[in-house]
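Below, all heavy atoms of this structure are taken into account, side chains as well, without hydrogens, waters or symmetry copies. Note that the structure is predicted; figures quoted are calculated from it, not measured.
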Amino acid sequence: QKSHSERAALLRPILYEMSSPVEDADSSIHNGKALSLNISSGGMLLVMDQAPTIEQVMKVYVPTPITAAETPTLAEVRWMKRLPFGKNNSNGPYFVGLKFMF
C-alpha cells in the first residue's frame, strides 16, 4: 500500500465548499468546516458533520506551510463512513476520504 506510506498527519480545521446536486430544487453552495486527519499528494482524510455523496466534488482549502495562505483545491469524495458515536444513528460525524483532482 504505497499510498498509505506517503500520508502525513495533518490535524487541522479546514474550510470547504460543497454544492447541492443539480436535481435539488434548493440547489445552493454550502460552506463548512471539517477536521483534516491526514494528507498525501493524492488526497486527504477528513472528519465532517454532514455526509457528502460519493463522487461529489468539493472545494477544500488545503493548509500550506505559510499560515496566512490556504490553497483551494478540487477533490472528489471517494468513500465515507459514519463514526460509531454521534448524536443518533442518522447524524455524523463521518470519516470522508477525498481524492484530489488534477
Got a second to check how far [X]'s [atom1] is from [Y]'s [atom2], nearest 0.5 Å?
X	Y	atom1	atom2	value
L10	N38	CG	CG	8.0 Å
R12	I39	CZ	CD1	10.0 Å
F100	S41	CZ	OG	8.5 Å
K81	Y94	NZ	OH	13.0 Å
M58	L98	CE	CG	5.5 Å

Using side-chain heavy atoms (C-beta onward) and a distance below 4.5 Å, is V47 in contact with V96?
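No, side chains not in contact.
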In the structure I gave you, are the side-chain heavy atoms of M18 and Q56 within less than 4.5 Å of one another anywhere?
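SC-SC contact between M18 and Q56 confirmed.
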Which heavy atom of [X] sits nearest to which heavy atom of [Y], and what is that distance?
X	Y	result
Y61	I14	O-CB, 3.8 Å
Y16	M48	CZ-CE, 3.5 Å
M80	I54	N-CD1, 3.9 Å
S36	M44	CB-CE, 3.7 Å
L46	A34	CD1-CB, 4.2 Å
V77	T53	CB-O, 3.4 Å

CZ (F95) with more than 12 external heavy atoms under 6.0 Å
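Check fails, neighbour count at 12 or below.
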Restricting to side chain to side chain contact (heavy atoms under 4.5 Å, CB included), what partner residues turn up for V57, sequence neighbours left out?
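Testing V57 for side chain to side chain contact (heavy atoms under 4.5 Å, CB included), a comparison that skips the adjacent residues, returns L74, M101.
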Of all residues at least two apart in sequence or in a different chain, which pass the side chain to side chain contact (heavy atoms under 4.5 Å, CB included) check with K33?
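By the side chain to side chain contact (heavy atoms under 4.5 Å, CB included) rule, K33 matches P13, L15.
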Is the backbone N or O of V62 less than 3.5 Å from a side-chain atom of T73, with the two atoms forming a donor-acceptor pair by type?
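Side chain of T73 to backbone of V62, a donor-acceptor pair under 3.5 Å: no, none is there.
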